[in-house]
Every structure is written in C-alpha cells, then in structure tokens.
Amino acid sequence: MKIYTKTGDQGTTALFGGTRVPKHHIRIQSYGTVDELNSWIGLLRDQGIENRHREFLLTIQDRLFTAGSMLATETAGSSKPQRKVRIEIPQVTLSDVTSLEDEMDRLDADLPPMTNFILPGGHPIVSYCHIARTVCRRAERMTTLLNEQSPVSEILLIYLNRLSDYLFILARKLSAELQADEIKWIPNPPVE
C-alpha cells in the first residue's frame, strides 16, 4: 500500500464511506486534533515514567485511534451519498469512560487536595502531560462543534472530557513522583 495516493492534492480528503470533504472541514479538524493528541500522549509515554502509567497511556492511544475512526465516519442521515464501509468501526464505550474514572481515583488517592489552580510545568515530563491535556480540550471543543452540525456519539464526548481530567491528575501524580514543584496560581491584586 502506497502512502501517497494523490487523491488529496486538490484540498479534499475522504471519510470512511467515501464522502469527500475539504481538509479544513470540522470533521477533519476533530479527528486531526485527536490524532495530534495521540502523538503527544506517545511522546509522554516515551518518557521515564512508571510502567503502569506507560501501559495505561498505551490503552488510551488505542482508544484515541478508535475515536478518530468514529469521527472519520460520516453519520447516518447525511445528504451525501456514501460507499459501503468495508470494515466494522469499533466504538468508544462507557467502560472506557469508567476505566479513566477508576484510574483517576487511584492516582488521586495519594495526592494532596487542591486548594488553588496549578501552573503547568515543574518538569519537562509534567509539561508534556499538560500539553496533552490542553490538546485534549481542543479536541473536545472541535468535537462538540462537529456535534452541532452532525451527531457524534455522546460517549465519545464524555470520553474526551474525562480524558482531559485524567491528564490533569496524571500531571499532578507525575509531579509528585518526580518530586517537581507544583506552583500554585495565586492571582495578584491589580496594580494601581
């Protein structure tokens, strides 16, 4: 299979099902941002972190490929003709959301309670985690915008929301494990 097909040279790309859309289409923005998130999580996974975190991040990367497949498939009821999809598209499920929640509870159990917002940073690994978190938030924003135009799985929307929460808690856990400072954001009063 060749990587280059030349079919996108005119600024369009094909969804699962064959419908061609502009490369700047909100559906492409959605799954493209999920793909970007997956790359950041891969970078985070490649850092010197505990195997348990690494294995859980690998599971998340698998789920993000599933999310991208879901987003790359035009929903039923579209006015555009579609070819029959030859493969069964997997789905993000409620158990994937529960898995994130269970892992967040496990990670958070040993962390001190939050009393302030926390500035991203303190260690490069923690910073990678915060970048992944903010890209996840953008993926969520893009996907909710797509949902206004074409229905998206409610579970997928919940998964992206929960995943950004997980990445925040993971950043805090990594800060603790790396003995990095968590710098609290304390708003300065306005200068007069």
Side-chain angles (χ1 to χ4, degrees), residues 29-72 90-147 152-189:
Q29 294 285 343
S30 295
Y31 75 72
T33 307
V34 167
D35 187 35
E36 180 184 351
L37 170 61
N38 207 335
S39 296
W40 279 108
I41 289 176
L43 180 62
L44 176 60
R45 187 174 51 82
D46 289 342
Q47 304 307 304
I49 60 176
E50 288 186 11
N51 280 336
R52 180 175 174 106
H53 301 318
R54 193 175 284 124
E55 290 169 9
F56 197 78
L57 289 170
L58 188 59
T59 300
I60 289 170
Q61 287 188 284
D62 175 79
R63 298 291 71 214
L64 289 175
F65 258 91
T66 297
S69 298
M70 292 169 69
L71 292 168
Q91 299 292 302
V92 172
T93 65
L94 188 55
S95 67
D96 297 318
V97 173
T98 303
S99 176
L100 285 173
E101 291 171 346
D102 290 346
E103 184 66 3
M104 281 189 279
D105 291 343
R106 188 188 75 75
L107 295 176
D108 199 37
D110 298 328
L111 294 174
M114 277 187 48
T115 56
N116 294 81
F117 287 109
I118 297 168
L119 297 177
H123 189 282
I125 294 172
V126 175
S127 295
Y128 289 141
C129 196
H130 279 292
I131 291 169
R133 174 186 58 80
T134 59
V135 172
C136 187
R137 286 287 190 210
R138 180 161 31 97
E140 181 185 14
R141 290 190 303 271
M142 293 287 108
T143 305
T144 58
L145 181 59
L146 171 62
N147 188 52
V152 172
S153 161
E154 182 180 357
I155 296 297
L156 178 54
L157 293 171
I158 294 168
Y159 184 82
L160 290 172
N161 182 270
R162 227 44 110 252
L163 179 55
S164 62
D165 295 337
Y166 162 78
L167 290 166
F168 177 78
I169 291 175
L170 178 61
R172 292 198 70 217
K173 183 69 170 179
L174 291 171
S175 288
E177 290 172 357
L178 295 164
Q179 298 177 352
D181 289 334
E182 272 192 343
I183 300 172
K184 296 176 182 177
W185 178 66
I186 301 169
N188 292 320

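In what follows, residues are counted from 1 in the order of the sequence shown.
- Residues Glu103 and Lys173 form no side-chain contact, since every pair of their non-hydrogen atoms from C-beta on lies 4.5 Å or further apart.
- Between the side chain of Ser99 and the main chain of Ser95, no donor-acceptor pair closer than 3.5 Å is present.
- Nearest heavy atom pair, residue Val135 against residue Thr33, reads O-CG2, 3.7 Å.
- Remark: the Thr93 side chain and the Asp96 side chain contain an N/O donor-acceptor pair separated by less than 3.5 Å.
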Please report the C-alpha distance between Leu174 and Glu177 in whole Å, then the side-chain angles of each, then the deciding distance to 0.1 Å, and finally whether the side-chain contact (heavy atoms from CB on, under 4.5 Å) criterion is met. CA-CA 5 Å; Leu174 291 171; Glu177 290 172 357; 3.8 Å; yes
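- The shortest non-hydrogen separation linking Asn147 to Val152 is OD1-N, 2.8 Å.
- Of the inter-residue distances, the one linking Asp108 atom CG with Phe168 atom CZ reads 9.5 Å to the nearest 0.5 angstrom.
- Judged as a side-chain contact (heavy atoms from CB on, under 4.5 Å), and not counting sequence neighbours, Thr134 has no contacts.
- Atoms OG1 and CG, from Thr59 and Leu64 in turn, are 11.0 Å apart once rounded to the nearest 0.5 Å.
- Annotation: side chain of Phe56 is not in contact with side chain of Leu170 (no heavy-atom distance under 4.5 Å).
- For Leu37 against Ala132, the heavy-atom pair with the smallest separation is CD1-O, 3.1 Å.
- In terms of heavy-atom proximity, Ile169 sits nearest to Leu111 at O-CD1, 4.1 Å.
- Under a 3.5 Å cut-off, the side chain of Arg54 and the backbone N or O of Arg45 do form a donor-acceptor pair.
- Side-chain contact between Leu163 and Val92 is absent, with no heavy-atom pair separated by less than 4.5 Å.
- Applying side chain to side chain contact (heavy atoms under 4.5 Å, CB included) to Arg137 and the options Leu160, Asn161, Leu167 leaves one that passes, Asn161.
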For the pair Ile60 and Leu100, evaluate side-chain contact (heavy atoms from CB on, under 4.5 Å) and give the outcome as yes or no after the intermediate values. CA-CA 9 Å; Ile60 289 170; Leu100 285 173; 4.0 Å; yes
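- Contact between Leu71 and Val34 at its shortest, heavy atoms only, is CD1-CG2, 3.9 Å.
- Qualifying salt bridge (charged side-chain N to carboxylate O under 4.0 Å, His left out) partners for Glu36, counting only residues two or more places apart in sequence or in other chains: Arg138.
- Rounded to the nearest 0.5 angstrom, Met142 CE and Leu145 CG are separated by 6.0 Å.
- Separation of atoms OH (Tyr128) and CG (Leu43) is listed at 5.0 Å; rounding is to 0.5 Å.
- Rounded to the nearest 0.5 angstrom, Gln91 CD and Ser153 OG are separated by 6.5 Å.
- No side-chain donor from either of Ser175 and Arg172 sits under 3.5 Å from a side-chain acceptor of the other.
- Distance CZ/Arg133 to NE2/His130: 5.5 Å, rounded to 0.5 Å.
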For residues 116-127, dump all side-chain donor-acceptor pairs below 3.5 Å to protein atoms at least two apart in sequence or in another chain.
residue : atom : partner : partner atom : Å
His123  : ND1  : Ile125  : N            : 3.1
Ser127  : OG   : His123  : O            : 3.3

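- Taking every heavy atom of both residues into account, Cys136 and Ser164 meet most closely at SG-N, 3.5 Å.
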